[in-house]
Amino acid sequence: MSVVLNFKTQLHEIFTHALRDFAPDQLNATINIERTKQSSHGDYSCNLAMQLAKPMRKSPREIANGIIARMPQSGVVEKVEVAGAGFINVFITTVAKQSVVKGVLQSGNNYGCLQVGNGRKVGVEFVSANPTGPLHVGHGRGAAVGDCLCNVLKTAGWDVTREFYYNDAGAQIDNLTLSVQLRCKGITPDDPSWPESGYRGNYIIDVARSYMAKDRVESDDQHITGKGDVDDAEAIRHFAVAYLRREQDLDLQAFQVKFDVFSLESTLYTEGKVEETVNKLIASGHTYQQDDALWLRTTDFGDDKDRVMRKSDGGYTYFVPDVAYHLDKWRRGFERVINEQGSDHHSTITRVRAGLQALSAGIPKNWPDYVLHQMVTVLKNGEEVKISKRAGSYVTLRDLIDEVGCDATRYFLAARHPDSQLVFDIDLAKSQSNDNPVYYIQYAHARICTVLLQWGGNNAALLKAETEVLNSEYETKLLQCLIDFPQVIEVAAEELAPHLIAFYLKELAADFHSYYNATRFLVEDEKIKLARLALIAAIAQVLKNGLAILGVSAPEKM
RNA sequence: GUGCCCGUAGCUCAACCGGAUAGAGCACCAGCCUUCUAAGCUGGGGGUUGCUGGUUCGAUUCCAGUCGGGCACACCA
């Protein structure tokens, strides 16, 4: 079904044929076929003639006409025109477009699913917040973008594993442990003995209280009972980590995000993976000893300066377990790995890749991939809220979900290009929640469901609809929009840009709302009624599929 | 000072990785509910794509420079 509807692919073949006849020596030219912006330009256009103008030393229009004359017959092509500077514009037959309706209805939840991933394994690591406090808005952006990206890749045919990596040892966890211990002893951040680097947030009190009460804590990957012993720092550390992991799990659960794998930094040490990686790096000849420290010559792989691996105090710097962790990912069979992180960590990219290259383990040069999202600034009462875990002034993800709702929060955080900075105005999101674009899309879905409910017929009857009566301007536009959906998935997966789904859905919803206002569906004429209902049922299906990718619900009434 | 990201309508953002007249939403103005949900629709005003050069048939997109915002530049993570 999708083969029939993939006009772009079909046109690509047609143009390749024509080019082979017309200019066999130009076969290496890339045939670029894109959707037109104006309907007067047809449905698809090709710029091949303009590209060939220079090498062939002929006018683009002359070339265009030559190519068109050699295009093989096709049932989907209505007509072909030369326009503008030499564009070849292709018009698709209405009958071919109309077939999308039944294609969508038959495919159902699978409409939009592609084979481009071909079942290959891809590991997507995102959020990866250390268990030192609740998740904040920045993590929320990572969660929304990462989760949507996973959904996009899965739809495109990849075998996706969602992974969360966190550090349960090291300096920050030591700070956390000490902070909880002090709270257990009743010492507050006001006290002069409170360390500068201690965590001051009130949630530390909750951790301390729970530990002293010998509570049982179960997170997605940790189970522990508080010991209640103020002097046992190890017990406090384990408890605090598990407690805050559980808090994060609750945040993620409220945000509809689930992970397949949790990886702990400490495991890399206990399983000897860090040691093994260090030994391999030393054996590679890319390390040297200087100033009592062990260095990796990352400048061999494009870094601007070399990096310390083993500090003079004998401990490893953070990027060593990072390299060990990614080697582990590679060994687990992920030929592709995507790390979604805040852009403040972008400097790790070069280091991790350099470490992996130094291992000579056959890992590709630009492995893994990274998607970095820019900072989120939060406005409340017109003022910027500074996010500081240690100071305790904080906008948590849970606050946001409680105030704005899960659907709207996810949409807001995922509907923008990750590269651009994001201002999240809480008051705006709260007070104008009805104006959120997400409701606009959901409303379109709910409206269709209501119409279908009032019709009360059997959905199987829609498959027998005679779609050739769908030829109004509104209908033609909607048909093309439905046809575009798989392509949007493909591009979003290719560019790792889940926000494209959000924009597509807004457009589809807009086209539907216009259609709704201009058209009556439950009309006397049975043939017209069935065809229109089939069309809007297909629209509802695509809206639902797209919203599912965003992780947003598709309500049947609002 | 060095590297990375961003700069598009008053505001928030798109633009299918070089294409045709740069598009939506919010806000503003004027209309549309005795008909399937007005959380909607129709029309209108609003732009030197930060700035200056360059590359070519063609630049918001690529290159150089420049200005502005953000992030990163540890033997922290």
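So that the names make sense, note that chain A is the first sequence line, chain B the second, and so on, each numbered from 1. Keep in mind that the numbers below use all heavy atoms, side chains included, and drop hydrogens, waters and symmetry copies.
Among the atoms of the strands shown, base atoms are found under 4.0 Å from some heavy atom of A:Arg520. Using a 4.0 Å heavy-atom criterion, one finds that A:Ser312 contacts the bases of the nucleic acid, with or without backbone contacts as well. Using a 4.0 Å heavy-atom criterion, one finds that A:His346 contacts the bases of the nucleic acid, with or without backbone contacts as well. When heavy atoms are screened at a 4.0 angstrom cut-off, A:Lys557 is found touching base atoms of the nucleic acid. Within 4.0 Å (heavy atoms only), A:His417 reaches sugar-phosphate atoms of the nucleic acid but no base atom. Note on A:Ala293: a base of the nucleic acid sits closer than 4.0 angstrom, heavy atoms only. Contacts of A:Thr450 with the nucleic acid, taken as non-hydrogen atoms under 4.0 Å apart, include base atoms. The residue A:Asp291 sits close to a base: some heavy atom pair falls under 4.0 Å. Here A:Thr30 lies out of heavy-atom contact (under 4.0 Å) with every strand. Base engagement by A:Gln421 is indicated by at least one non-hydrogen atom pair under 4.0 Å involving a base atom.
Under the 3.5 Å distance criterion, the side-chain polar atoms of A:Asp306 are left unmatched by any main-chain donor or acceptor of A:Trp295.
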For nucleotides 16-23 of chain B, just jot down a letter per nucleotide in 5' to 3' order: B, S or -, based on protein non-hydrogen atoms under 4.0 Å.
BS-BBB--

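At B:C41, one or more side-chain N or O atoms of A:Tyr440 fall inside 4.0 Å of OP1 or OP2 (strictly under the cut-off). Residue A:Arg416 has no polar side-chain atom (N or O) positioned under 4.0 Å from OP1 or OP2 of B:C6.
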Using a 3.5 Å cut-off and no angle test, enumerate the donor-acceptor pairs between side-chain atoms of residues 490-506 of chain A and protein atoms at least two apart in sequence or in another chain.
residue: A:Tyr504; atom: OH; partner: A:Cys481; partner atom: O; Å: 2.6

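Rounded to whole angstrom, the span from the CG atom of A:Leu508 across to the P atom of B:A24 amounts to 16 Å. Spacing between atom NZ of A:Lys54 and atom P of B:U56 amounts to 6 Å, rounded to whole angstrom units. With rounding to whole Å, A:Tyr439 atom OH is found 16 Å from B:G25 atom C1'.
A donor-acceptor contact under 3.5 angstrom links the side chains of A:His326 and A:Asn339, judged on distance only. With 3.5 Å as the limit, one finds a donor-acceptor pair spanning the side chains of A:Ser263 and A:Glu163.
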So what does the secondary structure string of RNA chain B come out as, 5' to 3', with Watson-Crick or wobble pairs under 3.5 angstrom, [ ] for crossing and | for pairs with another strand?
(((((((..((((.....[...)))).(((((.......))))).....(((((..]....))))))))))))....

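Comparing B:G40, B:C71, B:A39 against the side chain of A:Met558 picks out B:A39 as the nearest. Minimum atom distance to the side chain of A:Ser420 is reached by B:A14, of the listed B:C36, B:C76, B:A14.
Contact check for A:Gln248 versus A:Phe164: side-chain heavy atoms found under the 4.5 Å cut-off.
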